[in-house]
Q: 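To start, I am sharing the structure in question, which I have written as structure tokens.
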Protein chains: 2
Amino acid sequence: MDPFDDPRLTAMGLLVEVATGLTVKAHQSFTAVGLSDVDFETLIRLARSPRQRLRMSDLAAQTSLSTSGITRVVDRLEREGLVMREACSTDRRASYAVLTEAGAERLKAVMPQHLNDIETYFTGLLTPQQLSDFLDALRIIRDVVRPCATVGVERASSEQCEGEKVS
Amino acid sequence: MDPFDDPRLTAMGLLVEVATGLTVKAHQSFTAVGLSDVDFETLIRLARSPRQRLRMSDLAAQTSLSTSGITRVVDRLEREGLVMREACSTDRRASYAVLTEAGAERLKAVMPQHLNDIETYFTGLLTPQQLSDFLDALRIIRDVVRPCATVGVERASSEQCEGEKVS
DNA sequence: TGTAGAAAGTTGTTCGCGCAATCATCGACG
DNA sequence: CGTCGATGATTGCGCGAACAACTTTCTACA
């Protein structure tokens with residue numbers, strides 16, 4: 001009779017509701033140190049990339065923001081001194097966004113609270129076995145909905161820094 | 001050495017990545033019938049509520065949009081004839097957003113594709129046992145991060161429609 | 001009953017993001 | 001080696017949402 005109570009719909013709703021709820025919790029910690037959600041996302045992606053750098057377009061691909069969005073986010077972060085733009089030595093069209101020391105410091109400042117939030121509202125609520133299974137399931141889905149989430153990491157790690165180990 | 005590769009951080013990233021990815025997939029189906037993501041969210045919440053109606057503020061609470069955001073979304077949907085505003089008989093400050101027949105039809109139009117997407121990119125990827133455990137975990141987290149996700153349902157179902165079953 | 005504070009909803013303002021157009025550069029092909 | 005399509009990044013523009021201020025109405029308390 002009611003075509004709108006399909007269990008798949010409920011499952012989908014549950015998933016986005018949880019993700020949104022956790023995002024809201026995290027948001028509060030981010031604003032406490034003067035970062036927006038996308039600021040944090042951008043900085044953490046850089047921090048977890050080889051040599052703390054990523055090309056603008058790779059950053060866009062990883063964050064599911066548009067390239068123009070990334071341009072403006074990096075503009076803002078650069079004004080605050082949290083990232084630096086650096087020219088690519090092999091492709092004059094491209095440029096890297098590089099995490100600065102200040103950017104890393106800012107990240108370190110939020111990290112304890114942020115990790116505590118995740119523990120309190122997510123990982124700590126499940127048993128180790130539950131959590132492990134949960135993450136396995138997430139990975140299965142991630143591999144299907146997001147085939148290229150690790151774009152750019154091999155590039156950044158393999159490319160030589162100018163003057164460093166000059167072949 | 002690297003304080004940014006904490007497994008909790010990875011877990012969080014995985015979760016939001018999956019949710020975002022699925023949202024993007026759904027977005028394509030929604031735009032095909034002329035709905036934005038929030039349009040769909042709003043309509044489906046109304047459809048799944050008793051008497052297909054919800055007060056503006058309850059709608060805001062359920063969708064994690066601000067009340068001003070809901071005002072404008074309902075403005076738009078009302079212009080398109082998908083919802084109707086209706087005065088509350090017991091509180092002259094409040095008003096209901098009510099799903100119209102056209103709104104229900106629009107929802108029915110997207111539903112097959114949307115359910116198919118969910119099946120393809122989410123529920124169908126896991127075994128029944130995996131899915132069941134996954135949803136259990138989600139519910140555990142949801143209950144903590146979103147204690148009042150069902151605001152307004154008992155109100156809408158218990159309140160009498162004017163002229164209907166008068167006392 | 002009258003007044004003060006809270007709550008529901010709308011509106012003005014601001015800001016962030018996506019889309020499309022643009023510029024510069026790269027790679028391929030004749 | 002020159003030309004053309006493709007790619008990386010940036011900017012103009014418009015839309016959509018949050019925040020705060022405001023209006024109306026309700027509720028509590030004296």
Q: What I want to check is whether the side chains of B/T71 and B/R76 have a donor and an acceptor closer together than 3.5 Å.
A: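 No, because no side-chain N or O of B/T71 sits under 3.5 Å from a partner of the opposite role on B/R76.
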Q: If I take atom CD in residue B/E86 and atom P in nucleotide C/dA8, what distance separates them, rounded to the nearest angstrom?
A: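 Computing the B/E86:CD to C/dA8:P distance gives 19 Å.
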Q: At 4.0 Å (heavy atoms only), tell me whether B/S95 reaches a base, stays on the sugar-phosphate, or touches nothing.
A: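 Answer is sugar-phosphate: B/S95 comes under 4.0 Å of backbone atoms only.
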Q: What nucleotide among D/dA17, C/dA8, D/dT10 has an atom nearest to a side-chain atom of B/S57?
A: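 For the B/S57 side chain, the nearest candidate turns out to be C/dA8.
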Q: Starting at atom CD1 of B/I70, determine the distance to atom P of C/dA8, rounded to an integer number of angstrom.
A: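 In whole Å, C/dA8 P and B/I70 CD1 are 14 Å from each other.
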Q: Using a cut-off of 4.0 Å between protein heavy atoms and nucleotide atoms, how would you tag nucleotides 22-29 of chain D 5' to 3' with B, S and -?
A: --BBS---
Q: Can you tell which of C/dC17, C/dG18, D/dA9 lies closest to the side chain of A/V73?
A: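 Between C/dC17, C/dG18, D/dA9, the one nearest the side chain of A/V73 would be C/dC17.
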Q: If you define the side chain from C-beta out and look only at heavy atoms, does anything of A/T42 sit under 4.5 Å from A/L82?
A: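 When only atoms from C-beta onward are counted, A/L82 and A/T42 do not touch, as no gap falls below 4.5 Å.
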Q: Roughly, in whole Å, what's the span from CZ in B/R76 to P in D/dC15?
A: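 So the two atoms are 11 Å apart, to the nearest Å.
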Q: Heavy atoms only: give me the nearest A/D117-A/A26 pair and the separation to one decimal.
A: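 Shortest heavy-atom separation between A/D117 and A/A26 comes out as OD2-CA, 4.5 Å.
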Q: Given B/F40, which partner from the list B/T31, B/L107, B/V33 fulfils the side chain to side chain contact (heavy atoms under 4.5 Å, CB included) test?
A: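 Between B/F40 and the candidates, side chain to side chain contact (heavy atoms under 4.5 Å, CB included) is satisfied uniquely by B/L107.
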Q: For B/F122 and A/V144, run side-chain contact (heavy atoms from CB on, under 4.5 Å): C-alpha distance rounded to whole Å, both residues' side-chain angles, the deciding distance at 0.1 Å, then the answer.
A: CA-CA 9 Å; B/F122 175 13; A/V144 174; over 6 Å; no
Q: Can you tell me how far C1' of C/dG12 sits from CG of B/D75, to the nearest Å?
A: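 Rounding to the nearest Å, CG of B/D75 and C1' of C/dG12 are 14 Å apart.
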Q: Could one point to a donor on the side chain of A/S66 or the base of C/dC19 with an acceptor on the other under 3.5 Å away?
A: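 Between C/dC19 and A/S66, which were checked side chain against base, a qualifying N/O pair under 3.5 Å is absent.
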Q: Expressed as a whole number of angstroms, how long is the span from A/R72:CZ to C/dC19:P?
A: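 In whole Å, C/dC19 P lies 13 Å from A/R72 CZ.
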Q: How long is the line joining CG of A/L65 and C1' of C/dC19, in whole Å?
A: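 These atoms are roughly 14 Å apart.
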Q: What integer distance in Å separates A/E41:CD from C/dG16:C1'?
A: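 Rounding to the nearest Å, CD of A/E41 and C1' of C/dG16 are 16 Å apart.
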Q: From CE of A/M56 over to P of C/dT25, roughly how many Å is that when rounded to an integer?
A: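 Those two atoms, CE and P, are 17 Å apart.
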Q: Check for a donor-acceptor pair, side chain of A/D39 on one end and backbone N or O of A/S36 on the other, with a separation under 3.5 Å.
A: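 Yes, the answer is positive, given that a donor and an acceptor are paired below the 3.5 Å cut-off.
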Q: Is any side-chain heavy atom of A/L138 less than 4.5 Å from a side-chain heavy atom of B/L15?
A: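 Answer yes - side chains close enough.
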